[in-house]
2 protein chains.
Amino acid sequence: MQAYWDDDPADVSINAICSMAEVSKPALYRVFGGEDGLNRAVLDRYAEQVLVDIFDILARGAPLEETLEALVHFASEDPKMATGCVFYKMRAGKHRLGPMTRGRVEEIYTGAVEAFTTYLEARRTVGDWRDDVAPRTAARYVVEQIGLALTQRAAGEAPNQVRDTLKLAVSAIQAT
Amino acid sequence: MQAYWDDDPADVSINAICSMAEVSKPALYRVFGGEDGLNRAVLDRYAEQVLVDIFDILARGAPLEETLEALVHFASEDPKMATGCVFYKMRAGKHRLGPMTRGRVEEIYTGAVEAFTTYLEARRTVGDWRDDVAPRTAARYVVEQIGLALTQRAAGEAPNQVRDTLKLAVSAIQAT
DNA sequence: ATTATTACGTACCGACTGGTATTTTATTGT
DNA sequence: ACAATAAAATACCAGTCGGTACGTAATAAT
């Protein structure tokens, strides 16, 4: 997971992982079955260890401005995400993934969109959000924008430029 | 160029290119010097054949709304871009590129930001654009958003979802 | 016509990929 | 103590990668 986090998953070979983890290759295959199983396991672990933070932000049910602020901070400032996000990196190379990992990626994506859609619908009933944009459209939009920001960080772009872009992006769904 | 356009450049090998073009590998190496030279040549050709359209839109000096509309249409509707954009695909895998190609990618990126910055500054003097966002920040923002849209198209996402996202994104710099 | 030169492609190089057959090591049963 | 069994690693597989040495065919010079 750390290797996928630091580098591009597509550039980390099974051999490299084995030597990093000081594990023989057959041992890895016994446990994970193959590359697809390993990737899936990494993604599972990453989801419950890192992505949960994003879902927590939404679950707090805070006002829109506060929530967006927290998401912007997470994606563009949190040092934990300085080298990008395993999930979005895998999603970017989706066509290279095995069936299990690809399925998990899609699952996480739709889960995120769903969670944000639910959050926005709740905010709308409280009158905290404009009603000229479909919640699901806005949800997909935010998920993509966070992905863009994290991809930019992975590419080593200047953090303040990443933040500027993301702030501008989220302002689109704040406007009355 | 066509192979890079249809697929991910990282997934197209020199061998595959040679057999597609019905050219021997040494011949390709004689002409282009190697993978880096080939990539650079492809990018050069792509820039003057496709990217020029984007620069043309800016050079028209049309009102902001009209220009943004044209850019949105180009990125999310033009059938020519149905499988994404060679430039953005290469930029996404920048770390895998040789020095010449990487240099050209950065050149094109800064050129695009520059062109859009100049356009926005001109629009501001005409009073056609808000003055609470730095032109360069907005320029970088738009370049990234177009890249996101083209990346989504390359990934096979539904065109109307791509358009929705991009329209929402550009609305951020239109708001008064 | 014959030689010197240039263009060109076959066949190969070492490095690396994901994945496994086979052998060695450790554990268990008696 | 020794045989049977389970576990684990070494050493290998075929395939692909980018890149090139070298033999061959076409051209140019004499």
Side-chain angles (χ1 to χ4, degrees), chain A residues 1-46 83-84 86-106 154, chain B residues 1-46 83-84 86-106 154:
Chain A
M1 185 182 84
Q2 197 61 47
Y4 285 175
W5 207 341
D6 294 339
D7 299 343
D8 187 329
D11 295 335
V12 181
S13 71
I14 299 268
N15 292 317
I17 291 170
C18 287
S19 76
M20 279 183 247
E22 294 182 77
V23 161
S24 78
K25 207 173 352 172
L28 186 145
Y29 275 84
R30 251 173 265 135
V31 173
F32 296 106
E35 195 171 30
D36 192 23
L38 173 68
N39 287 339
R40 195 211 140 98
V42 166
L43 192 49
D44 281 343
R45 191 180 189 79
Y46 185 79
T83 54
V86 173
F87 163 68
Y88 283 107
K89 284 177 181 183
M90 284 188 171
R91 197 171 90 105
K94 195 165 79 172
H95 60 281
R96 273 183 279 251
L97 298 176
M100 287 192 294
T101 313
R102 190 202 269 103
R104 193 83 184 87
V105 163
E106 281 159 9
Chain B
M1 186 182 84
Q2 197 60 47
Y4 285 175
W5 206 343
D6 294 338
D7 299 344
D8 187 329
D11 295 335
V12 180
S13 70
I14 299 268
N15 293 318
I17 291 170
C18 288
S19 75
M20 280 184 248
E22 294 182 77
V23 159
S24 78
K25 209 176 344 176
L28 187 145
Y29 275 83
R30 270 188 291 271
V31 173
F32 296 106
E35 195 171 31
D36 192 23
L38 173 67
N39 287 339
R40 195 211 140 97
V42 167
L43 192 49
D44 280 344
R45 190 179 190 79
Y46 185 79
T83 54
V86 172
F87 164 67
Y88 283 107
K89 284 178 182 183
M90 283 187 172
R91 198 170 90 106
K94 195 165 79 172
H95 60 282
R96 272 183 281 252
L97 298 176
M100 287 192 296
T101 314
R102 190 200 270 106
R104 193 82 184 88
V105 164
E106 282 160 7

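In what follows, chains are A, B, ... by sequence order, proteins preceding strands, each numbered from 1.
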Separation between OH (Y4(A)) and OH (Y46(A)), nearest 0.5 Å, reads 14.0 Å
Pairing residues for R96(A) by the salt bridge (charged side-chain N to carboxylate O under 4.0 Å, His left out) criterion, not counting sequence neighbours = D8(B), D11(B)
Check salt bridge (charged side-chain N to carboxylate O under 4.0 Å, His left out) between R91(B) and all other residues, then give those that pass, not counting sequence neighbours.
-> E157(A), E144(B)
Can you name the residues that form a salt bridge (charged side-chain N to carboxylate O under 4.0 Å, His left out) with D44(A), not counting sequence neighbours?
-> R40(A), R104(A)
Residues forming a side-chain hydrogen bond (donor to acceptor under 3.5 Å, both in side chains) with K25(A), sequence neighbours excluded | N15(A)
Positional range of nucleotides in DNA chain C within the contact set of chain B, heavy-atom, under 4.0 Å = dC8(C) to dT10(C)
If one requires at least 3 consecutive Watson-Crick or G-U pairs with distances under 3.5 Å, the stems of DNA chain D turn out to be C:1-30 with D:1-30
Can you tell me if N39(B) and E35(B) form a side-chain donor-acceptor pair at under 3.5 Å?
-> no
Check whether any side-chain N or O of S24(A) sits under 4.0 Å from OP1 or OP2 of dA8(D), and answer yes or no.
-> no
Identify, with sequence neighbours excluded, every residue that meets salt bridge (charged side-chain N to carboxylate O under 4.0 Å, His left out) alongside D36(A).
-> none
Name every residue in residues 3-11 of chain B that has at least one heavy atom under 4.0 Å from any atom of DNA chain D, in order of residue number, or write none if there are no such residues.
-> none
List for me each residue that meets side-chain contact (heavy atoms from CB on, under 4.5 Å) alongside A27(A), sequence neighbours excluded, and say none if there are none.
-> V23(A), S24(A), R30(A)
Do S13(B) and I17(B) come close enough that some side-chain heavy atom pair is under 4.5 Å?
-> no
Which ones in residues 88-101 of chain B lie close to DNA chain C, meaning a heavy atom under 4.0 Å from one of its atoms?
-> none
Hey, is the main chain of A154(B) close enough, under 3.5 Å, to the side chain of T83(B) for a donor-acceptor pair?
-> no
Using a 4.5 Å cut-off on heavy atoms from C-beta on, say whether the side chain of K94(A) contacts that of E106(A).
-> yes
Could you list the residues that satisfy ring pair (Phe, Tyr, Trp, His ring centres under 6.0 Å) with Y29(A), not counting sequence neighbours?
-> none
Closest heavy-atom pair and its distance - P9(A), M90(A) | CG-CG, 4.3 Å
Distance col, row L43(B):CG vs R102(B):CZ, nearest 0.5 angstrom, shows 13.0 Å
Under 3.5 Å between N/O atoms: give me all the protein pairs with nucleotides 19-22 of chain D, atom names plus distance.
from: dG19(D); atom 1: OP2; to: Y29(B); atom 2: OH; distance (Å): 2.8
from: dG19(D); atom 1: OP2; to: E35(B); atom 2: N; distance (Å): 3.0
from: dG19(D); atom 1: O5'; to: Y29(B); atom 2: OH; distance (Å): 3.3
from: dG19(D); atom 1: N7; to: K25(B); atom 2: NZ; distance (Å): 3.0
from: dG19(D); atom 1: O6; to: K25(B); atom 2: NZ; distance (Å): 2.3

